[in-house]
K.L.:
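Quick one: the structure is below, questions incoming.
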Amino acid sequence: MAARREIIESLYSMISLVFILVACVEICDAATVVDVYRLIQYDIAGEQFGSRLASLNHHATSLLSHNTDLSRTVVILPVRDLNLTFIKECIGQKKPLGGLLLMLPQIFSSENKDGVEDDPNSEKELIRIQLTELERLLIHANIRYPVYFAFEDDDIDAVLADVKRNDATGQPATATTGGYKLVVSVPEPRKVASPAITNIQGWLPGLKADGDSNQLPTIAIVASYDTFGAAPALSVGSDSNGSGVVALLEIARLFSLLYSNPKTRGRYNLLFGLTSGGPYNYNGTHKWLRSFDQRLRENIEYAICLNSIGSSGNDLWLHVSKPPENANIKQIFDGFSNVAEELGLKVGLKHKKINISNPRVAWEHEQFSRLRVTAATLSKLPAAPELLESTGGLSDNRHFTSEAAVAQTVSLVAESLARHVYGQQGRNIKVFEENSSLAVQPSYIQSWLHLLSTTPRVAPFLSKNDPFIMALKKELADHTVEVNVQHEVLDGIFTFYDSTNAKLHIYQVASVTFDLLVLLVLGSYLIVLFSFLVITTRGLDDLISLFRRPPSRKVKTA
């Protein structure tokens, strides 16, 4: 009886091993592992937007059809082949999906070194336009399934080709047919507690005349540095507003050379401000200005805000809130226009009156205007974007931002300011002459534009001591004095959730039929092996006795 019990226990152990092996068939054949970036998840005043889930564990397909149940399927869609109208219908009708994986061309990766053609009709430009439309759709929708972005590469292209072939035969991946399974294992997203925004400011104090006790007037140069996009981990915002930040730093460097010498120091204070919360109604600019005392605000003669100045083309726009007939506005515009003409540029004037009853702020200068400070925004954009749009999304990267355009804008702003500071308005002089010690440095612009183009800067995911913020502070401190860092909490109307990137595991799994066949073969093999071992060690009678019904107790007693 003890020997029989040992044999039975061995049989049970073997059978359990078979089941474990079969259960592992699906998770042991990994095809590839891919970096993926989740669609942003956020709330505005309690209203939910973006992707509300993060975990994935479904089979893959390349078909998106109204007539197919895809609630347990991940749809892989290359952006270059995307039918945007169909996507709009699916999202608008809240079609249930297991998940959505959007494949981005390598040109939209910050790690890609290839340039982009200037031809506005090029394929890359057309894809960029379509991607911008897709992003606008996704960030304003409430999507009840995981949405991820990934970049095309050889591995995932091969997987997609196999998926398309299977779909073309009419046998999409399921538990019964096998195929590819996409798995993202991450915790459920959690709210970002007390999202921080950080403002950085620095001064170049002007030179007072002997015996002059009056406060010198101040000119402020301001740029918002953070971004917002469909995928926070990809929102580098080379143009919006990396170009504005680079221009501000180069202008600070140029004027620091002038102000370091008392003989060339102007009779104006220059205030440089790098603000956060730009995509969120310029919330950081609002808090920064509110921290000023009344006297400081009154001494600001005017402020120039730099925004999205890196696209190609010679047209710039000066956006203002006060009427063009205003003397201060006319002076600023004339100063820019005169220099622009010398540089082969064209500056237009756009007037947009502020609606005090509407809390929405279209441009950064409007935060100044609400406090009765003369201000303007210089931009390549002819009109203000809608809330959370054109603020450094997926298509705004280094390949579509021109170093030459940024350098030209730096020359425009620096020369205009210099002529105003030194009382040389209307005169054809050049303070920042090429090939001089005061020339604009393309290498400086290039290096900072590269850093900004590889650094995602979505404010809720930048800590107070983030290396990027420390780098901005150090750079401003190299060219200005009294550098101050202001930490604030983002307006409570906005709520953000973590889990912005992850690893996607792609497994090639067999069908249930194959699993059953494996189970049958392994089971048969183990039964034959077990029978052979029993017969050779204990004889055929012992093997047969294992399957006999044991005698009842009554028979034993008798």
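In what follows, residues are counted from 1 in the order of the sequence shown.
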K.L.:
Just verifying a value: how many Å separate Tyr302 OH and Ile221 CD1, rounded to the nearest 0.5 Å?
P.N.:
8.0 Å

K.L.:
Around atom CD of Glu341, are there more than 12 heavy atoms of other residues, nucleotides or ligands at under 6.0 Å?
P.N.:
no

K.L.:
With a cut-off of 3.5 Å and sequence neighbours excluded, list every side-chain donor-acceptor pair involving residues 420-430.
P.N.:
residue	atom	partner	partner atom	Å
His420	ND1	Gln425	NE2	3.3
His420	NE2	Tyr268	OH	3.2
His420	NE2	Glu301	OE2	2.7
Tyr422	OH	Thr264	O	2.4
Gln424	OE1	Arg427	NH1	3.0
Gln424	NE2	Tyr422	O	3.2

K.L.:
More than 12 heavy atoms of other residues, nucleotides or ligands under 6.0 Å from NZ of Lys473: is that the case?
P.N.:
no

K.L.:
Which atom names give the shortest non-hydrogen contact between Ile469 and Ile200, and what distance separates them?
P.N.:
O-CD1, 3.8 Å

K.L.:
Can a salt bridge be assigned to the pair Glu250 and Arg253 using a cut-off of 4.0 Å between side-chain N and carboxylate O?
P.N.:
yes

K.L.:
Which of these passes side-chain contact (heavy atoms from CB on, under 4.5 Å) with Val246: Leu452, Thr409, Asn241?
P.N.:
Leu452

K.L.:
Determine yes or no for a side-chain-to-main-chain donor-acceptor pair under 3.5 angstrom, with Ser240 supplying the side chain and Gly237 the backbone.
P.N.:
no

K.L.:
Ignoring hydrogens and angles, state whether a donor on the side chain of Thr132 or Ser395 is under 3.5 Å from an acceptor on the partner side chain.
P.N.:
yes

K.L.:
Identify the two heavy atoms, one from Ala252 and one from His479, that lie closest to each other, and give their separation to 0.1 Å.
P.N.:
O-CB, 3.8 Å

K.L.:
Can you sort out the partners of Leu137 under side chain to side chain contact (heavy atoms under 4.5 Å, CB included), two or more places apart, ordered by chain and number?
P.N.:
Ile87, Lys88, Ile91

K.L.:
Could you tell me if the side chain of Leu271 sits less than 4.5 Å from the side chain of Trp203, heavy atoms only?
P.N.:
yes

K.L.:
Would you mind reporting whether Asn269 and Gln215 have side-chain heavy atoms less than 4.5 Å apart?
P.N.:
yes

K.L.:
Might you work through the side-chain contact (heavy atoms from CB on, under 4.5 Å) test for Ile329 and Leu318, ending with a clear yes or no?
P.N.:
CA-CA 10 Å; Ile329 295 298; Leu318 195 67; 5.8 Å; no

K.L.:
Answer yes or no: is there a donor N or O on one side and an acceptor on the other, between the side chain of Arg267 and the main chain of Leu207, under 3.5 Å?
P.N.:
yes

K.L.:
Quick check for you: to the nearest 0.5 Å, what is the distance between Glu135 atom CD and Ile139 atom CD1?
P.N.:
6.0 Å

K.L.:
Under the rule for side chain to side chain contact (heavy atoms under 4.5 Å, CB included), what residues qualify as partners of Glu188, not counting sequence neighbours?
P.N.:
Leu53, Ser55

K.L.:
Name all pairs fulfilling the salt bridge (charged side-chain N to carboxylate O under 4.0 Å, His left out) condition that reach into residues 401-412, sequence neighbours left out, sorted by first residue then second.
P.N.:
Arg398-Glu403

K.L.:
Treating Lys287 as the side-chain partner and Glu488 as the backbone partner, does any N or O pair qualify as donor plus acceptor under 3.5 Å?
P.N.:
no

K.L.:
Where the side chain of Thr401 meets the backbone of Asn397, is there a donor-acceptor pair that is under 3.5 Å apart?
P.N.:
yes

K.L.:
Please confirm whether the backbone N or O of Gly284 pairs with a side-chain atom of Asn199, one donor and one acceptor, at under 3.5 Å?
P.N.:
yes

K.L.:
Using modelled atom types only, decide if a donor and an acceptor are shared between the side chain of Arg38 and the backbone of Ala502 within a distance under 3.5 Å.
P.N.:
no

K.L.:
Decide yes or no for Phe368 and Thr285: does some side-chain heavy atom of the first lie under 4.5 Å from some side-chain heavy atom of the second?
P.N.:
yes

K.L.:
If only atom types and distance count, is the side chain of Thr454 paired as donor or acceptor with the main-chain N or O of Ser110 below 3.5 Å?
P.N.:
no

K.L.:
Check the surroundings of atom CZ in Arg360: do more than 12 heavy atoms from other residues, nucleotides or ligands lie under 6.0 Å from it?
P.N.:
yes

K.L.:
Taking the side chain as everything from C-beta on, heavy atoms only, tell me whether Thr374 gets closer than 4.5 Å to Ile332.
P.N.:
yes

K.L.:
Looking only at non-hydrogen atoms, find the nearest pair between Gly348 and Phe333 and report the distance.
P.N.:
C-CE1, 3.9 Å

K.L.:
Please say which of Tyr497, Phe228, Phe494 ends up in a ring pair (Phe, Tyr, Trp, His ring centres under 6.0 Å) with Tyr42.
P.N.:
Phe228

K.L.:
So, Gln130 side chain and Leu82 main chain: donor-acceptor pair closer than 3.5 Å or not?
P.N.:
yes

K.L.:
Does any donor atom in the side chain of His450 or Gln446 lie under 3.5 Å from an acceptor atom in the other side chain?
P.N.:
no

K.L.:
Is there side-chain contact between Leu316 and Phe336, with at least one heavy-atom pair below 4.5 Å?
P.N.:
no

K.L.:
Does some side-chain heavy atom of Thr198 sit less than 4.5 Å from a side-chain heavy atom of Leu472?
P.N.:
no

K.L.:
Do Leu270 and Ile251 have side chains that approach each other closer than 4.5 Å (heavy atoms only, starting at C-beta)?
P.N.:
no

K.L.:
Please report the closest heavy-atom contact between Ala414 and Phe432, naming both atoms and the distance.
P.N.:
O-CE1, 3.4 Å

K.L.:
Is there a donor-acceptor pair closer than 3.5 Å between any side-chain N or O of Asn501 and the backbone N or O of Tyr37?
P.N.:
no

K.L.:
Within the supplied structure, the quantity of interest is the number of heavy atoms (other residues, nucleotides, ligands) at a distance under 6.0 Å from Glu434 CD; does it exceed 12?
P.N.:
no

K.L.:
Quick one: side-chain hydrogen bond (donor to acceptor under 3.5 Å, both in side chains) pairs with a partner in residues 225-236, sequence neighbours left out?
P.N.:
Ser224-Asp226, Asp226-Ser276

K.L.:
Quick one: CD on Glu433 to CD on Glu415, what's the gap to the nearest 0.5 Å?
P.N.:
8.0 Å

K.L.:
So, taking the atom named CG in Leu289 and the one named OG in Ser291, what distance separates them when rounded to the nearest 0.5 Å?
P.N.:
7.5 Å

K.L.:
Going by distance alone, is a donor N or O of one side chain under 3.5 Å from an acceptor N or O of the other, for Ser321 and His365?
P.N.:
yes

K.L.:
Could you walk me through whether Lys503 and Asp35 pass the salt bridge (charged side-chain N to carboxylate O under 4.0 Å, His left out) test, one step at a time?
P.N.:
CA-CA 5 Å; Lys503 294 287 186 182; Asp35 290 320; 2.5 Å; yes

K.L.:
Mark yes or no for whether Asn281, through its side chain, and Asn283, through its backbone, hold a donor-acceptor pair below 3.5 Å.
P.N.:
no

K.L.:
Test: side-chain hydrogen bond (donor to acceptor under 3.5 Å, both in side chains). Region: residues 455-467. Which pairs qualify, not counting sequence neighbours?
P.N.:
none

K.L.:
On a heavy-atom basis, which atom in Lys124 and which in Phe108 lie closest, and how many Å separate them?
P.N.:
O-CZ, 4.3 Å

K.L.:
Which heavy-atom pair separates Pro460 from Tyr280 by the least distance, and what is that distance?
P.N.:
CD-OH, 3.5 Å

K.L.:
Rounded to the nearest 0.5 Å, what's the gap from CD on Glu482 to CD on Gln201? Could you check?
P.N.:
8.5 Å

K.L.:
Evaluate the criterion side-chain contact (heavy atoms from CB on, under 4.5 Å) for residue pair Phe496 and Ile40; output intermediate values, then yes/no.
P.N.:
CA-CA 8 Å; Phe496 292 88; Ile40 194 166; 4.1 Å; yes

K.L.:
Any side-chain heavy-atom pair from Arg295 and Asp293 closer than 4.5 angstrom?
P.N.:
yes

K.L.:
Do Gln367 and Arg370 have side-chain N/O donor and acceptor atoms under 3.5 Å apart?
P.N.:
no

K.L.:
What distance separates Ile129 CD1 from Leu134 CG, expressed to the nearest 0.5 Å?
P.N.:
14.0 Å

K.L.:
Would you check, one step at a time, whether the test side-chain contact (heavy atoms from CB on, under 4.5 Å) holds for Leu345 with Gln408?
P.N.:
CA-CA 8 Å; Leu345 301 174; Gln408 276 189 317; 3.5 Å; yes

